[in-house]
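What follows is a single structure, written as structure tokens, with notes after it.
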Amino acid sequence: MKNGFRQSMAWLHTWTGLLVGWLLLLIFMAGTASYYREEISRWMRPELPRSAVGSEVAATRAITFLQHKAPQAESWNVTLPDPRNPAMRMFWRNPESMVKPPVEGQKRRRGGGRFGDATVDPGTGEEVAARETRGGDFFYRLHFDLHYIPVLWARYLVGFCAMFMLVAIITGVITHKKIFKDFFTFRKDKGLRSWLDFHNVSAVMALPYHAMITYTGIVTLMFMYLPWGVNVAYPKDEDAFFSEAFARLADIETPAEGKATALPIQQLLDGARAEWKGAQVSGFTLYHPGAANAVIDVYQRDGKRLSVDTPSLRYDAVSGALLEASPLSGGATQTRGVMYGLHLARFADWGLRALFFVSGLIGCLMVASGVVLWAVKERPKHAKSGRIGFGLRLVDALNIGAVAGLPIAFAAYFWGNRLLPLQMAERSDAEANVFFYAWGAALLAAFIWPKRLMWAWQLYLGAALFALIPVVNAFTTHAHLGVTLRSGDWVLAGVDLTMLAFGAMLAYCGLRMQRWQPALSAAEKKKRQAAAAAAAKAQDTAGAEVGA
């Protein structure tokens, strides 16, 4: 603290931001994309229908489909269509006796295990043969599971980065005593000053969002980071804690008994809606279908609820009697549910979701400008010694590979979805591999040649890849802009148009980087002014001698 409190906070801000900045940028970019994971998933499965039917009709067709597809299943789970996801997704649990042993040396095939799944067109009730892909869920899982790393270690690492981010936000506010004045200040083409102004503007512009998304991100995994209270209170049965704390309905463990015909699903869903005073149903789980003791759990749709925790009801599927309702949550659980809901933003309509998305992009710019700013500040020090040190070269390479290379990886993921063979084994894994192969290539190129021109090349490449995605889409599917714009399918058209917008922005950044010249330091300016004055004096002397 010998340099003063604010100077100490500035040092802490710099290093907490720099040490995790590149991984934090990946987390921010993937999390920002997750706001539109349903729309991305639909774009990445162009075979999915665009049917518009009521939930009662969709549920009836789901039951009919499952009666033929999985009549012996122990349970059926159905997610009904909604405006963001027009297809029905369903899962079922097969009896242990039906599980086929896997062939030696091979993975268990889909449909041969304990669980089955299908995507169904609610308009026809037929299964849709859509391509295998993780879609937008890849970005959602990536931003806290990091894909290749074991899940436990990945989430600890993400939590560590989030804590550093929270410290960087707090110390950043403390450091800038004129933070709101700086928000309205941007000095163009001023070298280090311009980078600092841009970092300040991008930080303050969405400061409440940055603080909220970072803190709530930590809260989503709080039981993993702070498990000791649960371990003390529930030393032998942690599952009991989660059942009680989150007011969940207990799992059905009794075996099926007898045979009976369940009530029409429409009647059961109407009863749930009446109980909820008109709230919509998101889906249901039917236990022991066809049995005399069949029960059904009906789940309420998120709707405009801030909390991620939604009510559910349990009915006797044969008599229609209400057996149980999920109990009310306590204050702590409701607080946690609201924070989790704020982080996921499922409650947001299209305008608020767009605001969250733009705020996330601003957060990406804040992190990117922060790591670049450190390199810009350090370069004059290295220039005085006449050589670039290892630390600055490492930061330069990581900056190029993360800030300019990650857009290449994101675009490559969409290219992989369109160009990989549709019947390829483990296709969804291959799409994810394309993402990391592209990012790895960008990082390798940056380490080989961490120069300013590499910035421009990678930004131009990212621009080309994004701008050409609608073109590749037009050549490989029938859901291209020429069709989606005419039919008013703004979900699919919006993804293509967003790709074009990202391509244009990256091209502009590449052009700016190609033409950018670092501002001269004060010492260099004085040196050049002295040289110019000496040259002018010499020219005047030479002119005088010629005149004599």
Side-chain angles (χ1 to χ4, degrees), residues 27-41 79-85 89 135-137 139-145 155 158-159 162-163 165-166 169 206-226 230 241-249 272-273 276-285 297-313 325-363:
I27 295 168
F28 250 88
M29 291 179 70
T32 300
S34 299
Y35 287 127
Y36 289 101
R37 64 172 171 158
E38 297 288 354
E39 289 77 7
I40 292 172
S41 295
T79 301
L80 296 172
D82 59 51
R84 297 182 65 198
N85 187 4
R89 188 73 173 162
D137 288 339
F139 297 126
Y140 174 69
R141 301 293 301 189
L142 177 65
H143 99 280
F144 62 92
D145 278 354
R155 294 185 181 183
V158 169
M163 285 300 300
M165 176 68 177
L166 195 59
I169 291 172
L207 180 59
Y209 169 84
H210 298 152
M212 178 277 293
I213 207 69
T214 305
Y215 182 74
T216 56
I218 298 171
V219 169
T220 61
L221 297 173
M222 65 182 183
F223 295 112
M224 178 180 160
Y225 301 142
L226 299 170
V230 178
F241 163 77
F242 291 102
S243 296
E244 293 178 19
F246 298 116
R248 297 173 180 170
L249 296 174
R273 274 192 290 269
W276 289 326
K277 296 179 172 39
Q280 294 299 308
V281 175
S282 67
F284 58 88
T285 300
D297 291 350
V298 184
Y299 311 112
Q300 188 180 121
R301 182 165 291 165
D302 289 345
K304 302 300 180 183
R305 294 172 58 92
L306 280 177
S307 176
V308 73
D309 300 321
T310 53
S312 54
L313 298 171
S326 56
L328 294 176
S329 302
T333 301
Q334 290 181 16
T335 301
R336 180 258 183 193
V338 169
M339 289 188 177
Y340 206 156
L342 281 171
H343 192 80
L344 297 179
R346 291 176 181 169
F347 60 87
D349 57 14
W350 70 269
L352 186 55
R353 182 172 289 106
L355 180 61
F356 270 64
F357 181 74
V358 171
S359 298
L361 291 179
I362 294 172

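Other residues, nucleotides and ligands place no more than 12 heavy atoms under 6.0 Å from the CE atom of M163.
Of the possible polar contacts, one joining the S326 side chain to the S312 backbone as a donor-acceptor pair under 3.5 Å is found. Side-chain atoms of S41 come within 3.5 Å of backbone atoms of G136 as a donor-acceptor pair (strictly under, hydrogens ignored).
Residues F223 and R336 have side chains in contact (heavy-atom distance under 4.5 Å, counting atoms from C-beta outward). A 4.5 Å side-chain heavy-atom check between F284 and L80 finds at least one atom pair inside the cut-off. Considering only heavy atoms from C-beta on, W276 comes within 4.5 Å of V298 through its side chain. With contacts defined as side-chain heavy-atom distances shorter than 4.5 Å, the pair R155/D145 qualifies. Annotation: side chain of T285 is in contact with side chain of Y299 (closest heavy-atom distance under 4.5 Å).
Between F144 and Y140, the ring planes lie perpendicular to each other; the angle is over 60°, past the 30° to 60° tilted range.
Summarising the geometry of L166 relative to I218, their closest heavy-atom pair is CD2-CD1, 4.3 Å, with the distance given to 0.1 Å. Counting all heavy atoms, side chain and backbone alike, H210 lies closest to S359 at NE2-O, 4.0 Å.
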Show me the donor-acceptor pairs within less than 3.5 Å that the side chains of residues 339-348 make with the rest of the protein, sequence neighbours left out.
residue	atom	partner	partner atom	Å
H343	ND1	I213	O	3.2
H343	ND1	T216	OG1	3.1
H343	ND1	G217	N	3.4

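With values rounded to the nearest 0.5 angstrom, F356 atom CZ is found 13.5 Å from S34 atom OG.
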